[in-house]
Amino acid sequence: MVKTQDNNVESSSNLREQRLEKLAKLKEKGIDPYPYGFERTHRVGEIQEKFKDLEDGERTDFVASVCGKVHNQRNDWMFVDLFDEDGKLQLFSDAKTRPEELKELLPLFDKGDYIGVTGKIRKTPRGEVTLDIEKITLLSKTLQPLPEIVEGKKRRLGIADVETRYRQRYLDLIVNPESKDRLRKRALMVQEIRNYLDSRGFLEIETPILNTEAGGASAKPFITHHNTLDMDMYLRIATELHLKRLVIGGFERVYEIGRIFRNEGISIKHNPEFTSIELYQAYTDVTGMMDLTEEMLKYVCDKVLAKLKFEYQGTEIDFSKPFERISMQEAVKKATGKELFGVELNEAFEAHVEKTLIQPTFIYDYPVEISPLAKRHRDEAKSEAGFVERFELFIYGRETANAFTELTDPLDQKERFLMQGKQREEGDEEAHIYDQDFITALEYGLPPTGGMGLGIDRLAMFLTDAASIRDIIAFPTMKQQV
RNA sequence: GCGCCAGUAGCUCAGGGGUAGAGCACUCGGCUUUUAACCGAUUGGUCGAAGGUUCAAAUCCUUCCUGGCGCACCA
């Protein structure tokens with residue numbers, strides 16, 4: 001069944017009807033079902049931590065006010081599982097001894113409602129930290145029934161339907177703890193990347209998403225239109241060319257973590273909008289970028305997972321050892337016995353080598369034809385053979401990072417763009433576009449610079465063992481429902 | 001874009017030509033310090049949509065919608 005919110009409202013009308021009646025009764029009693037706040041004295045986690053050492057059955061005079069969402073209720077509101085972002089706190093109210101006010105109110109509450117409660121903390125004879133409800137306040141009345149919550153592993157609960165999980169992510173987050181954990185880990189990961197770079201003198205500077213040209217990568221762009229300027233614009237497909245302009249302007253270490261848009265297929269590894277980080281550092285090169293990338297990934301992995309080895313889809317990925325480093329030509333030669341060059345080399349690499357690179361591996365020395373923004377190799381023989389100073393990092397057979405010694409020669413850059421233009425004429429829709437403004441910028445002087453780009457989503461997939469990119473994007477791109 | 005698979009109650013799922021099912025949730029009653037509480041009863045459906053075949057379609061056929069996976073493209 002297609003599950004739109006409207007359909008839910010429609011088909012759960014009885015359940016919703018009941019709640020609307022309760023809502024009306026609450027209003028009759030002069031109770032605001034959507035009040036403006038609550039004086040919370042403690043979070044659930046603080047209570048659990050503070051009283052974890054109570055003896056079973058021990059009571060205290062400690063009065064706390066906590067608030068959150070009711071996930072479960074047993075025995076006529078005798079036991080209530082209240083959740084805030086920290087987790088669960090059990091509430092207790094004996095039907096026989098509860099005050100008149102509670103007797104009137106509790107039947108009007110439902111699972112899913114937000115409430116605030118005040119009362120003394122104790123531990124039940126079964127060892128559960130519990131708050132005895134003295135006062136209860138409705139904080140938000142819910143009209144939709146809550147799907148079952150996943151708490152134990154004894155029964156299949158939660159929302160299994162992936163379409164509902166993506167379209168109504170809030171429900172997924174409410175009932176499926178692992179979904180919430182993934183997004184939390186992703187946020188932590190991004191935070192640690194910023195910590196790492198900020199502490200090394202990098203500045204995060206935002207560059208435009210709306211552009212008159214979509215450059216810096218080979219990809220099909222999204223087109224949009226600016227009304228006042230009466231001009232078509234492109235959503236960016238990379239942050240590269242603007243960040244390099246910033247280096248030209250004198251910022252020696254810059255980066256941007258931001259959304260990129262590519263008008264291409266959707267798959268387990270591809271979402272039309274995704275997040276990249278690109279960073280540029282003056283006076284270093286591709287080797288410096290390799291060292292930085294490796295160090296940063298190990299740092300972030302350690303901070304997020306507190307370990308350097310992790311399982312991805314049943315395979316152990318090991319960040320604890322030095323990452324493998326091998327040239328593309330060597331890797332292809334090992335696999336096929338052939339010494340190839342140019343586009344052929346890259347094709348052979350993609351066909352025979354890429355999938356085998358499970359543990360983190362830097363592949364370096366790329367053909368110039370597919371690297372229009374990278375500097376030609378400093379080794380003259382390699383340069384003549386058509387190699388540039390570039391690497392890509394592969395993990396689990398997936399391209400995870402891409403870096404080069406940036407091309408700083410404006411005349412060579414112009415040639416490269418022209419070469420791309422030829423490929424475009426030959427039908428390659430995704431060849432890089434000619435960007436005169438960028439060449440002009442280069443003519444003002446880009447210092448020797450190393451640059452690196454990394455897919456935030458793909459890294460997040462690894463660190464959260466997510467099979468699909470949609471599992472680490474809160475609201476993945478979906479078709480409109482009819 | 002192509003191929004394969006899926007869509008049945010609020011949730012999780014059975015059923016695959018002959019009265020639309022179960023568990024949980026909801027509602028009511030019982031029990032009353034539970035831990036998936038428990039016991040009993042009631043309620044709940046356009047079987048994704050539209051056509052077709054048939055005495056009869058959730059079931060078979062066609063088309064469409066939405067989603068998943070694989071391939072292609074890409075990061």
Side-chain angles (χ1 to χ4, degrees), chain A residues 1-4 7-19 21-22 56-57 71-81 88 90-97 107 110-112 122-128 130 132 142-167 171 174-176 217-220 237-238 260-278 350 354 392-394 398-402 428-430 453-459 461 467-470 476 478-482:
Chain A
M1 189 178 114
V2 174
K3 281 144 182 144
T4 63
N7 279 351
N8 274 340
V9 168
E10 199 78 17
S11 56
S12 65
S13 60
N14 285 335
L15 298 172
R16 187 164 176 272
E17 212 54 50
Q18 287 169 13
R19 291 182 181 221
E21 281 168 26
K22 290 179 183 179
D56 290 356
H71 275 200
N72 193 12
Q73 164 273 126
R74 299 177 289 279
N75 295 10
D76 187 27
W77 293 88
M78 180 178 258
F79 295 97
V80 181
D81 293 337
K88 180 177 105 172
Q90 179 170 270
L91 314 177
F92 179 87
S93 169
D94 188 346
K96 283 179 184 161
T97 60
D110 288 293
K111 289 179 194 177
R122 67 182 170 96
K123 202 173 224 181
T124 63
R126 299 288 180 100
E128 184 85 26
T130 298
D132 284 329
T142 53
L143 301 180
Q144 294 283 348
L146 202 58
E148 293 171 76
I149 311 284
V150 177
E151 280 166 39
K153 288 182 178 169
K154 292 176 182 175
R155 191 173 62 189
R156 283 189 73 183
L157 300 166
I159 294 183
D161 183 282
V162 283
E163 186 174 355
T164 308
R165 288 183 45 223
Y166 297 151
R167 288 194 193 274
L171 277 182
I174 290 167
V175 304
N176 296 331
S218 50
K220 287 180 209 139
I237 58 173
I260 303 295
F261 307 84
R262 296 191 182 174
N263 206 340
E264 288 159 357
I266 295 179
S267 82
I268 204 167
K269 289 180 288 185
H270 302 86
N271 196 64
E273 53 178 309
F274 63 100
T275 304
S276 81
I277 175 170
E278 286 190 33
E350 286 179 358
E354 204 174 298
E392 289 192 327
L393 172 66
F394 291 85
R398 293 178 186 168
E399 187 191 327
T400 305
N402 178 23
D428 183 358
E429 276 184 81
E430 290 168 11
L454 183 148
I456 293 287
D457 309 86
R458 292 207 173 159
L459 187 59
M461 286 170 72
S468 169
I469 195 170
R470 293 183 204 90
M478 301 288 277
K479 225 170 180 175
Q480 189 175 31
Q481 290 185 298
V482 184

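Sequence lines set the chain letters: A, B, ... in the order given, protein chains first and strands last, and positions in each chain run from 1.
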Next item on the list: Indicate the atoms forming the closest heavy-atom contact of A:Ile469 with A:Ser267, along with that distance.
Entry: CG2-O, 3.8 Å

Notebook entry, point to check: In terms of side-chain heavy atoms of A:Glu163, which of B:rU66, B:rA75, B:rG23 is nearest?
Noted result: B:rU66

Next item on the list: Rounded to the nearest angstrom, tell me the gap between atom CG in A:Leu146 and atom P in B:rC24.
Entry: 18 Å

Next item on the list: Have a look at A:Lys22 and say if it touches a base, only the backbone sugar-phosphate, or nothing, with a 4.0 Å heavy-atom cut-off.
Entry: sugar-phosphate

Next item on the list: For B:rC2 and B:rC64, measure between their P atoms and round to the nearest Å.
Entry: 10 Å

Checklist line | Residue matched to B:rC28 through Watson-Crick or wobble contacts both under 3.5 angstrom | finding: B:rG40

Notebook entry, point to check: What's the verdict on side-chain contact (heavy atoms from CB on, under 4.5 Å) for A:Glu273 and A:Ile260, showing C-alpha distance, side-chain angles and the deciding distance?
Noted result: CA-CA 6 Å; A:Glu273 53 178 309; A:Ile260 303 295; over 6 Å; no

Note to self: Let's see if you can work this out: which of B:rG10, B:rG44, B:rG67 has an atom nearest to the side-chain heavy atoms of A:Leu15?
What the structure shows: B:rG10

Note to self: Students often get this wrong, so: under 4.0 angstrom with heavy atoms, is A:Arg470 touching a base, only sugar-phosphate, or nothing?
What the structure shows: sugar-phosphate

Item checked: Separation between the C1' atoms of B:rU8 and B:rG23, rounded to whole Å -> 15 Å

Check: Which is it for A:Arg122 and A:Phe92 under the side-chain contact (heavy atoms from CB on, under 4.5 Å) test, yes or no, and what are the steps along the way?
Finding: CA-CA 10 Å; A:Arg122 67 182 170 96; A:Phe92 179 87; 3.1 Å; yes

Margin query: I need the CG-C1' distance between A:Leu171 and B:rU12, as an integer number of Å.
Written below: 15 Å

Next item on the list: Report yes if a side-chain nitrogen or oxygen of A:Arg398 is closer than 4.0 Å to either non-bridging phosphate oxygen (OP1 or OP2) of B:rA75; otherwise report no.
Entry: no

Check: Can you name the residues that form a salt bridge (Lys or Arg N to Asp or Glu O under 4.0 Å) with A:Lys22, not counting sequence neighbours?
Finding: A:Asp110

Margin query: Checking A:Arg126 now: which residues fulfil side-chain contact (heavy atoms from CB on, under 4.5 Å) with it, not counting sequence neighbours?
Written below: A:Thr124

Which protein N or O atoms sit under 3.5 Å from an N or O of nucleotides 28-32 of chain B?
residue : atom : partner : partner atom : Å
B:rU32  : O2   : A:Asn75 : ND2          : 3.3

Next item on the list: Using the P atom on both, measure B:rG18 against B:rA56 and round to a whole Å.
Entry: 14 Å

Check: When we call it a touch if two heavy atoms are under 4.0 Å apart, what does A:Tyr166 touch: a base, just sugar-phosphate, or nothing?
Finding: sugar-phosphate

Margin query: Tell me the interatomic distance from A:Arg165, atom CZ, to B:rU12, atom P, rounded to whole angstroms.
Written below: 11 Å

Note to self: Counting only Watson-Crick pairs (N1-N3 plus N6-O4 or O6-N4) and G-U wobbles (N1-O2, O6-N3), all under 3.5 Å, who is the partner of B:rG18?
What the structure shows: B:rC55

Next item on the list: Compare the minimum distances between each of B:rC11, B:rG68, B:rU66 and the side chain of A:Val162, then state the nucleotide with the smallest one.
Entry: B:rG68

Notebook entry, point to check: Is any side-chain heavy atom of A:Phe274 less than 4.5 Å from a side-chain heavy atom of A:Arg458?
Noted result: no

Check: Using a cut-off of less than 4.0 Å, is there contact between a side-chain N or O of A:Lys269 and OP1 or OP2 of B:rA75?
Finding: no

Next item on the list: Write down the partner of B:rG3 under the Watson-Crick or G-U wobble criteria, each distance required to be under 3.5 Å.
Entry: B:rC69

Checklist line | Euclidean distance for C1', B:rG52 against B:rG17 (whole angstrom) | finding: 15 Å

Check: Say you pick atom P in B:rU59 and the same atom in B:rA49; how far apart are they, in whole Å?
Finding: 10 Å

Next item on the list: Using whole Å, report how far CZ of A:Arg126 lies from C1' of B:rA37.
Entry: 9 Å

Checklist line | Distance in angstrom units between A:Ile149 CD1 and B:rU12 C1', rounded | finding: 14 Å

Notebook entry, point to check: Closer than 4.0 Å, any side-chain N/O of A:Arg458 to the OP1 or OP2 of B:rA75?
Noted result: no

Checklist line | Main-chain N/O of A:Ile237 paired with A:Arg262 side-chain donor or acceptor, under 3.5 Å | finding: yes

Check: Is A:Glu128 touching bases, backbone alone, or none of the nucleic acid, heavy atoms closer than 4.0 Å?
Finding: base

Check: For A:Asn176 and B:rC11, what is the distance between atoms CG and C1' respectively, to the nearest whole Å?
Finding: 11 Å

Note to self: Going by centres under 5.5 angstrom and planes under 30 degrees, do the aromatic ring of A:Phe79 and the base ring of B:rU33 stack?
What the structure shows: no

Margin query: Counting distance alone, no hydrogens or angles: does the base of B:rU34 have a donor or acceptor under 3.5 Å from a partner atom on the side chain of A:Gln90?
Written below: yes

Check: When you measure from the side chain of A:Asp110, which nucleotide among B:rA37, B:rU27, B:rC73 comes out closest?
Finding: B:rU27

Next item on the list: Using atom CG of A:Asp161 as one end and atom P of B:rC11 as the other, report the distance to the nearest whole Å.
Entry: 8 Å

Next item on the list: Tell me what A:Asn271 touches on the nucleic acid: a base, only sugar-phosphate, or nothing, going by heavy atoms under 4.0 Å.
Entry: base

Notebook entry, point to check: Across the strands shown, which category fits A:Gly455 at heavy-atom distances under 4.0 angstrom: base, sugar-phosphate, nothing?
Noted result: nothing

Check: Looking at residues at least two apart in the chain, or sitting in another chain, which of them share a salt bridge (Lys or Arg N to Asp or Glu O under 4.0 Å) with A:Asp457?
Finding: A:Arg186

Notebook entry, point to check: Do any side-chain nitrogens or oxygens of A:Arg74 fall under 4.0 Å of OP1 or OP2 in B:rU34?
Noted result: no

Notebook entry, point to check: When the distance from CD of A:Glu21 to C1' of B:rC26 is rounded to whole Å, what number comes out?
Noted result: 13 Å

Notebook entry, point to check: According to the Watson-Crick and G-U wobble definitions, with both distances under 3.5 Å, which nucleotide is paired to B:rA49?
Noted result: B:rU63

Margin query: Counting only side-chain heavy atoms from C-beta out, which of B:rU33, B:rA75, B:rU12 sits nearest to A:Ala160?
Written below: B:rU12

Next item on the list: Hey, which sits more toward the 5' end of RNA chain B by its nearest nucleotide, A:Ile268 or A:Ala217?
Entry: A:Ile268

Margin query: Can you check the distance between B:rU35 and B:rA22, where both ends of the measurement are the C1' atom (answer in whole Å)?
Written below: 25 Å

Next item on the list: List for me each residue that meets salt bridge (Lys or Arg N to Asp or Glu O under 4.0 Å) alongside A:Glu430, sequence neighbours excluded, and say none if there are none.
Entry: A:Lys220

Item checked: B:rU12 to B:rA6 separation - C1' atoms, rounded to the nearest Å -> 16 Å

Checklist line | Any residue meeting salt bridge (Lys or Arg N to Asp or Glu O under 4.0 Å) with A:Glu264, in chain and number order, not counting sequence neighbours | finding: none

Margin query: Say we look at B:rU46 and B:rU27: how far apart would their C1' atoms be, to the nearest angstrom?
Written below: 25 Å

Item checked: Steps toward side-chain contact (heavy atoms from CB on, under 4.5 Å) verdict (A:Arg398, A:Lys269) -> CA-CA 9 Å; A:Arg398 293 178 186 168; A:Lys269 289 180 288 185; 3.4 Å; yes

Margin query: Please confirm whether the shortest side-chain N or O distance from A:Lys111 to OP1 or OP2 of B:rC26 is below 4.0 Å.
Written below: yes

